[in-house]
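Shown next, in structure tokens, is the structure this report addresses.
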Amino acid sequence: MQLTTAPLSMANVLERQPDLLDRISVLVDQLKGCCSRRELQSVFASMIKISADQDCFSMNQFISRCSSMSQSDLADSALAQIEEPNVFVYNAMIRGSVQCSRPLQALEQYRSMSRADVRPTSYTFSSLIKGCGLAKALRFGESVHGGIWKSGFNWHVFVQTALIEFYASFGGVAESRKVWDEIQDGERDVFSWTTMISAYASAGDMLSARRLFDGMHERNTATWNALIDGYARSGDSISARSLFECMPVKDIISWTTMIACYTQEQRYQEAVAMFKGMIASGLIPDEVTMSTIISACAHLGSLDIGREIHYYIMQNQFQLDVFIGSSLIDMYSKCGSLERSLMVFYKLRERNLFCWNSLIEGLAVHGLAKGALLMFSKMESEKMNPNWITFVSILNACTHAGLVNEGQRWFMRMKEDYRITPRVEHYGCMVDLFSRAGLLEDALGLIRSMEFEPNAFIWGSLLGGCRVHRNLEIARVCGDALMSLEPNNTGHHMLLVNMYAENNRWGEVVNIRRTMKGNGVEKEFPGQSWIEIGGETCQFAASDGNHAVSDQLFFFLKKLDAQIRLSNIDMHSICTNY
DNA sequence: CTAGGGTTAG
């Protein structure tokens, strides 16, 4: 006997199960309490059992819950189950796909919605336009905009706000403004104002952003934050800070924005101070705050503060997500503790490219080339595709280990097997690789073969190699290039001066000195560095005498210097005895 | 049902 599965209409089902609506509401309540995939699956099974899988309201709830828990494949199978999905179901799917960063899928769902002749609503368009922005689908978004006009939703503020953001993400602030101007007077709310301010800010037009902000009668914290972030990104930490100081209510986003602002400006101590201020004000930081502050600690090289913060993370039950994970990996390796980096890496339950790159970079700078290459192959076996940053680390690993042939092989593979166009950074690595190995002609040849202008980093690497391998001819070429590229960089010029002096070419020495004086670069500030003594971070410069720094720091540096000299002698004897 | 903050390389 064959069972025919004629679609059961809800009326039909209700006849057979008079208490169905009660059962459904029980399941929907259960759904809200779900916090694992298994629980979701079990609720789904119960839904099928009572034939609620054809009830669009229940399925809408189910799909929304799946999406908010990033279980988009469960949402997919739910959609496939429904024979006649209505607009609510499609809206939930489209919104969910965008939430789960699968924008292309959202566009696909919109297409099948149109094919099924289901009429879109304003909800459909606001999610869909967001998806077009994420998918970088300008043309598709524009055609959707046309559809919006046809269906009359161009007068809907939510849709208009989405469009403002959409055009801004493609750099079309003028288009954003056009949409904004079309919003009817009574309809313009804080959201749309804030979005328009962000649009100007992301275009770097802080004047227009500010004008809009000043013209607002009603602002909320998000509005302030948007403007602060705009100033921060344009490198104006002064304006960002003064807005931050005078805003009426600060939330964690305001504080995080300021921390990120100082981190981006490489003012890491101020970033840490901000973080402490946030804690002192009684606010609880979240994962976003933590990954930002960890990055600041990484650059400070302060293992003490870094460990304090890692402890804080473990104490306060933060999610060890990919952001916190990769910043911790980077922080530990920059602070000299590769063991801890690896421990964090293995603890992560999800790893993205950032996590892998941070670890490979850590191994590379610690001179563990084999480790870096091993992790690279593990990464590939887990189907994670490397990007150009991965290869900067791989090439660096080869350089630090002196693996010239290996490095050349990877440079070729990067281009041919991985289809990654070499950037100036990669050439920099290769020039460094050749230069350190003494292959100065090869390095120069590579520079000449480049399709773009070499930068100061590249010439500087070669100059460094010339110094070690005593090649005055090529050094001169580097010096000439550097003199025009970075006339203010005393480091390069002094290196060249020293080389000429060693060769008793005093005429050249006088020449360079004269040029430097002509450029007025003698008063250039020397390199700054930091060191941590007993939890205190002390700053010092290359030329600081004992009068410029504390006694404690001075003696510490003396001791460090002696240790370095000793280990250099050690290294030298090891090399010569070999 | 919308908006404001995040990680690697340089």
Side-chain angles (χ1 to χ4, degrees), chain A residues 60 64 67-68 88 91-92 94-96 98-99 121-127 129-130 156-166 168 189-199 201-202 219-230 232-233 247 250-261 263-264 266 278 285-296 298-299 321-331 333-334 344 348 351-362 364-365 386-396 423-426 428-429 455-457:
Chain A
N60 174 26
S64 302
S67 308
S68 71
F88 292 99
N91 285 353
I94 293 174
R95 199 169 81 92
V98 173
Q99 262 180 355
T121 66
S122 63
Y123 291 61
T124 320
F125 286 127
S126 59
S127 299
I129 286 295
K130 194 171 188 171
H156 199 289
V157 222
F158 281 26
V159 177
Q160 288 165 312
T161 307
L163 283 167
I164 293 172
E165 200 190 6
F166 167 75
D189 58 2
V190 197
F191 291 136
S192 47
W193 279 87
T194 305
T195 307
M196 194 59 229
I197 289 175
S198 291
S202 65
R219 308 175 181 122
N220 62 16
T221 313
T223 319
W224 287 83
N225 291 342
L227 196 65
I228 293 175
D229 186 52
R233 283 178 204 277
M247 69 190 292
K250 303 173 184 51
D251 62 7
I252 52 171
I253 296 185
S254 326
W255 286 93
T256 308
T257 306
M258 283 311 299
I259 296 171
C261 171
T263 304
Q264 189 205 312
Q266 299 172 303
M278 174 178 180
D286 66 359
E287 279 79 9
V288 181
T289 318
M290 295 317 291
S291 58
T292 314
I293 192 63
I294 295 165
S295 165
H299 291 279
D321 66 8
V322 286
F323 290 100
I324 291 196
S326 43
S327 54
L328 274 178
I329 292 167
D330 179 54
M331 189 267 288
S333 99
K334 282 203 170 72
V344 172
L348 293 176
R351 300 179 187 119
N352 69 3
L353 188 55
F354 281 77
C355 306
W356 286 97
N357 281 355
S358 297
L359 185 71
I360 293 174
E361 169 69 9
V365 297
N387 67 355
W388 67 274
I389 293 173
T390 320
F391 281 100
V392 170
S393 300
I394 290 295
L395 297 177
N396 264 331
R423 295 188 175 222
V424 69
E425 287 88 346
H426 299 115
C429 291
N455 61 17
F457 175 82

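Letters A, B, ... are given to chains in the order of the sequence lines, protein chains preceding strands, and every chain is numbered from 1. Keep in mind that this is a model prediction, so the values were computed, not measured.
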Base, sugar-phosphate, or nothing: which does [X] touch, judged by heavy atoms less than 4.0 Å apart?
| X | result |
| --- | --- |
| A:N91 | nothing |
| A:T223 | nothing |
| A:D286 | base |
| A:K250 | nothing |
| A:E287 | base |
| A:W388 | base |

Value in whole Å for how far the C1' atom of B:dG5 lies from CD1 of A:I293: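 After rounding, the reported distance stands at 13 Å.
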
When you get a sec, tell me which of [options] is the closest nucleotide to the side chain of [X]?
| X | options | result |
| --- | --- | --- |
| A:T257 | B:dT8, B:dG10, B:dG5 | B:dG5 |
| A:S295 | B:dT7, B:dG10, B:dT2 | B:dT7 |
| A:T161 | B:dA3, B:dT2, B:dC1 | B:dT2 |
| A:F158 | B:dC1, B:dA3, B:dG5 | B:dC1 |
| A:N357 | B:dG5, B:dT8, B:dA3 | B:dT8 |
| A:Y123 | B:dC1, B:dT8, B:dG5 | B:dC1 |

With A:K250 via salt bridge (charged side-chain N to carboxylate O under 4.0 Å, His left out) - residues at least two apart: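 Counting only residues at least two positions away or on another chain, A:K250 forms no salt bridge (charged side-chain N to carboxylate O under 4.0 Å, His left out).
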
Pair of N/O donor and acceptor under 3.5 Å linking B:dG6 base with A:S291 side chain: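 Answer is yes: a donor-acceptor pair is held.
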
Face-to-face contact A:F354 to B:dT8 six-ring, under 5.5 Å, under 30°: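 No, the aromatic ring of A:F354 does not stack with the base.
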
Listed partners of A:T292 passing side chain to side chain contact (heavy atoms under 4.5 Å, CB included), at least two apart: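 Expected list: A:T256, A:I259, A:A260, A:T263.
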
Backbone of A:T124 reached by a side-chain donor or acceptor of A:S127 within 3.5 Å: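 Side chain of A:S127 to backbone of A:T124, a donor-acceptor pair under 3.5 Å: no, none is there.
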
